[in-house]
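Structure, as structure tokens:
Model, not experiment: these values are computed from the prediction.
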Amino acid sequence: MTTEIWQLSESELLADAATVSHQIQLLEARRIALVAEIDTRVSREKLGFPGPAGWLTSTTLLSPSKATKIVALARGMKNFPDIADAVNTGSISIDHAALILTFAETPPKDLPEEGRDMARTALIAAATGPEARTGRIRAAITKLEDEFGGKTPPPENTDRNELFASTTLNGRLVAKMDVDAVTGEKLLTALSPLTEPQPAADGTPDDRSPAKRRADAFGHILDQYLASSNRPIEGGERPHLNLHISLRDLTDLRDSADTADTADTADTADADDIADDETARAATESDTVDPVDINTGHPITPDAEEKSDDDTGSGCGSDAAPDRGAYRDLFGDGTSVGWLPWMGPLSRNASRQLACDCVLTAIVMDEDGNPLNLARTARTVTAKQRKALTARDHGCAFPGCGKPAAWTEGHHIWHWADGGPTDMDNLVLLCGFHHRLMHHSDWEVFIGTDNHPWFVPPATVDPYRQPRQSHARAGPHIA
């Protein structure tokens, strides 16, 4: 006899929910396998539709887009048994399988065959288990496309941008858009501060839905633009974005510009200016003349020997060797490619273009994803520290949360009232809920030897109290 849910203990509730979730994964995998067989064996006449997608939509509660996705997975996984095995055992989610399958079906053109197999294996490993992060998988794919692809990655392809706007019969405007990562970053950055709930003067909570607050914020932005006396007639002001990029990549951009063809002399000079300006900006935002490592106190100097013998150069040659070194650090912290706080990974080429085309705040990172030269000691978190924390933690650092940095607060690990300093090694970004949790529970947090936050669960969650990596750091890494 099945126990009623209300009769379950807290531990049983958690265990049952996890078990049911795994069973759902297995059932979804079986549905994909059944659809693959239907696609092969059942005639259109029997289905009553051109393919299984229409039949699924008509006989189940699935939406057309979900049914189409299932059919695409069923057809695609026939050619990639490793992806199919991971799905059939419930090791990876359907969404992650679709992401990896898309990469497998349309790999970067200059990625060698052996390299494709290695990259696919690494992506499956990164998508395995509850610590899998979609952003990390996307970053790995972006890096591979950046190194070996001859086409612009979808997040950066402005040719695919679309905005549909039409008036309805009742006089309203319906809009739909599909835009690149940088355009999306501009929109979300502009909307974020205007979408917070606004209680009434008498304290009544704001009852607007998130969608309503976003719509109101968008209207407010339009009002401000139309009310501006100096708004441009053509073109517009440049965006102000935060781009996180490693010191190595900034140096690589400069070096690649220095070795460019002499016909591109003017472009080379511009690229030099970009790299020099960003390094100089990092220096001028500090208390010292030169960038200084906040851990050692030594000046930061690009190391010419930093490039590994395993590096494959541009990766554009047809004889590129499938060396394992070329696929290392695919699942880092956004430092091996540019990183936008809202939209995620950005290739180095797009980062370079962004640096040319907009007012840029550069957060220079070391190879472990730690901001350089932005430590401060003060009563409250400064704007510069805030940028450095965003570069390190990306958002709420609590394992499994990852709320955007704009929705977080700087938490003192060693409380200020107890003598704790407001320095980078004593701060962590937490959303409101997890900030309160750290203050009113037995959860603990500390900065590890890698200069990133680690969280220690209470014994009621983990009897062994094993430290857990922050949300941005959790998940597999290639050794």
Side-chain angles (χ1 to χ4, degrees), residues 131 133-136 139 184-199 206 210 213-214 217 240-244 285 294 333-335 339-345 361 363 365 368-371 374-417 420-441 443-448 450-457 467-475:
E131 290 186 344
R133 299 284 179 265
T134 301
R136 193 182 306 282
E185 182 79 7
K186 296 176 189 177
L187 177 62
L188 295 178
T189 299
L191 287 175
S192 180
L194 302 174
T195 55
E196 295 182 1
Q198 300 293 331
D206 190 345
R213 295 201 303 269
R214 286 192 293 270
H240 182 83
L241 303 180
N242 288 315
L243 174 67
H244 306 160
E285 288 187 350
I294 61 177
D333 301 288
T335 57
W339 187 274
L340 297 172
W342 279 108
M343 300 302 296
T361 298
I363 309 296
M365 317 283 286
D368 292 322
N370 295 302
L374 282 174
R376 297 289 188 274
T377 299
R379 174 63 182 85
T380 58
V381 177
T382 67
K384 295 174 183 177
Q385 283 178 311
R386 178 79 184 190
K387 292 176 182 177
L389 286 169
T390 300
R392 185 193 70 188
D393 297 343
H394 292 183
C396 179
F398 192 89
C401 182
K403 282 187 170 60
W407 301 350
T408 62
E409 305 160 349
H411 168 68
H412 287 76
I413 297 173
W414 177 20
H415 300 314
W416 174 269
T422 309
D423 293 338
M424 285 295 296
D425 59 358
N426 192 47
L427 293 170
V428 60
L429 286 184
L430 295 172
C431 67
F433 174 82
H434 287 118
H435 199 170
R436 292 188 295 272
L437 183 70
M438 297 304 299
H439 279 281
H440 302 291
S441 74
W443 276 91
E444 298 173 5
V445 59
F446 66 94
I447 301 297
D450 59 354
N451 293 318
H452 285 269
W454 288 75
F455 293 78
V456 181
R468 303 180 182 185
Q469 288 183 310
S470 64
H471 182 83
R473 297 278 287 177

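Among all heavy-atom pairs drawn from W414 and P421, the shortest one is CE3-CD, 3.8 Å. Residues S192 and W407 approach most closely at OG-NE1, 3.8 Å, considering heavy atoms. Q469 and R473 make their closest contact through OE1-O, 3.1 Å (heavy atoms, listed as atom of the first residue, atom of the second, distance).
Residues F433 and F398 form no side-chain contact, since every pair of their non-hydrogen atoms from C-beta on lies 4.5 Å or further apart. In this structure, the side chains of R468 and P457 come closer than 4.5 Å at one or more pairs of heavy atoms. Counting heavy atoms from C-beta outward, P453 and I447 have side chains that approach closer than 4.5 Å. C401 has its side chain within reach of C431: a pair of non-hydrogen atoms, C-beta onward, lies under 4.5 Å apart. Inter-residue side-chain proximity for E409 and L430 is flagged as unmet; no heavy-atom pair is nearer than 4.5 Å.
Interatomic distance, H412 NE2 to D423 CG, rounded to the nearest 0.5 Å: 8.5 Å. Rounding to the nearest 0.5 Å gives a distance of 12.5 Å between NE2 of H394 and OG1 of T408.
Residues satisfying the salt bridge (charged side-chain N to carboxylate O under 4.0 Å, His left out) test with E196, not counting sequence neighbours, are none. Applying the side-chain contact (heavy atoms from CB on, under 4.5 Å) criterion to E444, with sequence neighbours excluded, gives V456, R465. With sequence neighbours left out, the side chain to side chain donor-acceptor pair (under 3.5 Å) criterion links D425 to no other residue. Here S441 pairs with nothing under the side chain to side chain donor-acceptor pair (under 3.5 Å) rule; sequence neighbours left out. Contacts of P197 classified as side-chain contact (heavy atoms from CB on, under 4.5 Å), with partners at least two apart in sequence or in another chain: D206, R213. Taking the side-chain contact (heavy atoms from CB on, under 4.5 Å) definition, one finds that L191 meets it with L187, T195, A217, F218, I221, sequence neighbours left out. Residues satisfying the side chain to side chain donor-acceptor pair (under 3.5 Å) test with W454, not counting sequence neighbours, are D450. Under the side chain to side chain donor-acceptor pair (under 3.5 Å) criterion, R214 pairs with no residue, sequence neighbours left out.
One N or O on the side chain of Q385 and one on the backbone of T422 form a donor-acceptor pair closer than 3.5 Å. Within the 3.5 Å criterion, the main-chain N or O of T390 finds no donor-acceptor partner in the side chain of R392. Looking only at distances, a side-chain donor or acceptor of H471 sits under 3.5 Å from a matching main-chain atom of G400.
Between H434 and H411, the ring center distance fails the sub-6.0 Å criterion.
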